[in-house]
Each structure stands twice: as C-alpha cells, then as structure tokens.
Number of protein chains: 2
Amino acid sequence: MKKINSTDIDLGLEIALTVSAYRAAGQKTLKIHGLQDITREQIGILLILSLKDGLYQTQIANILGKDRPNITRMIDILETKGFIKREKDDSNRRILKVYLTSKGKEKVDFAKPLKERMSVAQYKGMSDEEILTLVSLLRKVRKNIEEEYDINL
Amino acid sequence: MKKINSTDIDLGLEIALTVSAYRAAGQKTLKIHGLQDITREQIGILLILSLKDGLYQTQIANILGKDRPNITRMIDILETKGFIKREKDDSNRRILKVYLTSKGKEKVDFAKPLKERMSVAQYKGMSDEEILTLVSLLRKVRKNIEEEYDINL
DNA sequence: TCTCAATTGTTACCATGATAACAATTGCTA
DNA sequence: TAGCAATTGTTATCATGGTAACAATTGAGA
C-alpha cells in the first residue's frame, strides 16, 4: 500500500497522461481495424452527428470543446473524404449545417462498437459509484479552474 | 440534484474538456504575466529540468508522456531562445543531456508560482481524501486502458 | 571479433490545439 | 432606419501530438 501525499501530485500531468492513453488506444484500434482513412478526432465529429444530424459548425465545436478553426479544418477533411456534407441555411445565412452522408453513416456504424469496447474496458474493476465519483470530482476540478481563470469553453 | 447514469457519461470527453480547461488557464496566465516568449508545454520541460538537471531527451519524453520527435522540436525552440543547452555525453555518445541556462532558471523561477496558484485553485472546496480518490480512480482508468490495448507510455 | 538488434536523436509528414484577423451576415438600438 | 456590435465561418500562422523512416551508436550473442 503506497501512501500518496496530495501535494506531491501533479494532477494536470496525471490527466494529460490519461489523455495520451486514450489517444494511443484509439489510434491503435483504428489501425487494427483498417480505419486508416480517418482519425479518432474526426470520428468524434461523426459520432456527434449520428446523435444529432444537421448541427452547425459552432455547435459541434462547443460540444467537443474545440475551436471553430479546428472544426473548419476537420470538416473540410471529412467533406473531401465524402463522410459529411455542408448545407447553407436560409433562415440564417451565416451558418452551415453539417449532415452525415451514407458513407459517413457506414463509417460511424463501424466505429461505434469500437468505442463501446473502450467504454467498457476503461471501467474494468470499478463500481458504478466509483465511476460517478470520478466524473463528479473531475467536473469539480474543471469548474474550479474555469471559475478561477474565467474561462468559458 | 441531478441523477447521472454512468452509461450516459463519455469519460474520454470529460477528461479532454478538463485538459482544455488546464490549457486555457495556463495560456491565459502566461499572457497576463507577459510570458509571450514561451508556451505552457515548454515551461513543462523547464520545470522538469529544475527538479533534475541534465536529463537526456528520451528521459524527458518519458516523464512528460510525449514522443521523442516532439521533445526534439521543443528543445530546439528552447535552445534557440537560450533557455536550455544540450551537451554530448562521452560515456554514451547517442544521448544529449539537457541543462537549464541561467536565463532558463530565471524563467522557471518566474513560472513556478504561477503553476502553484493553479495547483491550489484546482482543488478549491475539495478534501485531501477527495483529491487522492480522484487521482487513484484516474490512474485506475489509465491502467485499464493501457492493459486492454497493450500501451506502454 | 562480427553481426545484428536495440537505443537515441533527428527529419519529414500529416492532423490537431490555439490565436489573430478577416468578410459576410445578423440583430440590437439609438 | 442607420450604424455598430456580435456571430459564423474562414484563412494564416505557430506549436504540439503522432507515425514512419533514417543515421549514429551501443550492446549482446554467435
């Protein structure tokens, strides 16, 4: 039983390392299943659209916590590859609504079980209560930082 | 009181959003304090070296969970800006040991209190036990993923 | 000793994270 | 209604995340 002192912990680093693990796992999964034509981040966009098609770019950016320039770039790539299409909205000509194509729907159907596997694996040996505790504490830390530094993501 | 179901949570997204908050807070802090000549990630390297000077690049990469190409690039930048210097090691001519310059030490001395402020702020309203629980659960998730996907960071 | 695999740092390449600045559009308000 | 601020998407720029491939070096084993 190792004893940890909370002041010895670099929580930011711990979280960054966890993100690295997710990324590595995601990329390995894509490679194993032959999904070389798309990235983990791009699939994130397709997954969002599979839940709610026709979101416009800023909405996608907000959901995923990314900037608009990033979304523009990724959507460019996804459109070039034929996974999504952009459509102008007559009621507000500033926005571009984004829709999955049939090719995009196929891709997301293929990818969903892979994500599901990770969802299950990450919680191995953890109770439902522990999971909720983890998320709750994580959100608290995030809220603390956002308030202290006046950040609105 | 909102009731959350663990299957409704996208933990990967939660963690990614938390990282975004850290990044935004860090960058905002750097800007406010006029540290426009360096980034949060670069300061991370300086901080590591302030704890243990003379590490070689792969060691730094392992500590920070980054790839060697990334470290090469960042060290290039830090060396160009005069914050660190590389030195060959005669006992092993493959490695390059990295040392803080006096300019680098100044920078890290300036940055340390800023990091300290974030360390305190992030835990606002949390008990020591909660902090340890959070880290413990976070590490468990990371370990689960690393084992399931055979990842060695 | 010779050979070959592993390690270290590098380069090249692509995708993402982030900021600043811009045009087009919308909407508030004086 | 005229003007101006806010919103949306885009472009350009720099830094980081990640992979593949490479040269130099090291080290272990035949």
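So that the names make sense, note that chain A is the first sequence line, chain B the second, and so on, each numbered from 1.
For A:E41, the salt bridge (Lys or Arg N to Asp or Glu O under 4.0 Å) partners are A:K66, not counting sequence neighbours. In this structure, B:D109 has no salt bridge (Lys or Arg N to Asp or Glu O under 4.0 Å) partners at least two apart in sequence or on a different chain. Taking A:R86 as the reference, A:D76, A:E79 meet the salt bridge (Lys or Arg N to Asp or Glu O under 4.0 Å) condition, with sequence neighbours excluded. Checked against salt bridge (Lys or Arg N to Asp or Glu O under 4.0 Å), B:E14 has the following partners two or more places apart in sequence or in another chain: A:R139, A:R142.
The nearest heavy atom of DNA chain D to B:D90 and to A:R23 marks one nucleotide each, and the one closer to the 5' end goes with A:R23. For B:K28 and A:I77, each mapped to the nucleotide of DNA chain C holding its nearest heavy atom, the one lying further toward the 5' end belongs to A:I77.
Side-chain contact check for B:T18 versus A:V19: every heavy-atom pair is 4.5 Å or farther apart. Inter-residue side-chain proximity for A:E87 and A:K85 is flagged as met; some heavy-atom pair is nearer than 4.5 Å.
Remark: side-chain polar atoms of B:E148 are not paired, donor with acceptor, to backbone N or O of B:I145 under 3.5 angstrom.
Through ILVMFWY side-chain contacts below 4.5 Å, B:L96 is grouped with nothing and stands alone. In this structure, B:I95 shares a hydrophobic cluster with B:Y56, the cluster being traced through Ile, Leu, Val, Met, Phe, Trp and Tyr side chains under 4.5 angstrom apart.
Nucleotide D:dT16 holds its C1' atom 11 Å from the CD atom of B:Q27, rounded to whole Å. A straight line from CZ of A:R86 to C1' of D:dT10 spans 9 Å, rounded to a whole angstrom. Distance B:I71 CD1 to D:dA15 C1': 13 Å, rounded to the nearest Å. Between B:D67 atom CG and D:dT19 atom C1' the separation is 8 Å, expressed in whole Å.
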What donor-acceptor contacts under 3.5 angstrom involve side-chain atoms of residues 24-31 of chain A, with partners at least two apart or in another chain?
residue	atom	partner	partner atom	Å
A:K28	NZ	B:Y149	O	3.0
A:K28	NZ	B:D150	O	3.0
A:T29	OG1	A:A25	O	2.8

Would you give me the side-chain donor-acceptor pairs under 3.5 Å for residues 45-55 of chain A, sequence neighbours excluded?
residue	atom	partner	partner atom	Å
A:S50	OG	A:L47	O	2.7
A:S50	OG	A:K112	NZ	3.3
A:D53	OD1	A:L100	N	3.0

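A heavy atom lying under 4.0 Å from DNA chain D marks the following residues of residues 31-50 of chain B, by number: B:T39, B:E41, B:Q42. For the contact set between residues 94-101 of chain B and DNA chain C, defined by any heavy atom under 4.0 Å, the members are B:R94, B:I95, B:L96.
Side-chain contact annotation: B:Q122 with B:Y22, donor-acceptor N/O pair under 3.5 Å present.
Considering A:T80, A:I84, A:N70 in turn, A:I84 is the only one that fulfils the side-chain contact (heavy atoms from CB on, under 4.5 Å) rule with A:I75.
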Check nucleotides 11-13 of chain D against the protein and report each pair of N or O atoms closer than 3.5 Å, with its distance, or say if there are none.
none

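A nucleotide of DNA chain C counts as in contact with chain B when one of its atoms lies under 4.0 Å from a heavy atom; the first and last such, 5' to 3', are C:dA6 to C:dA20.
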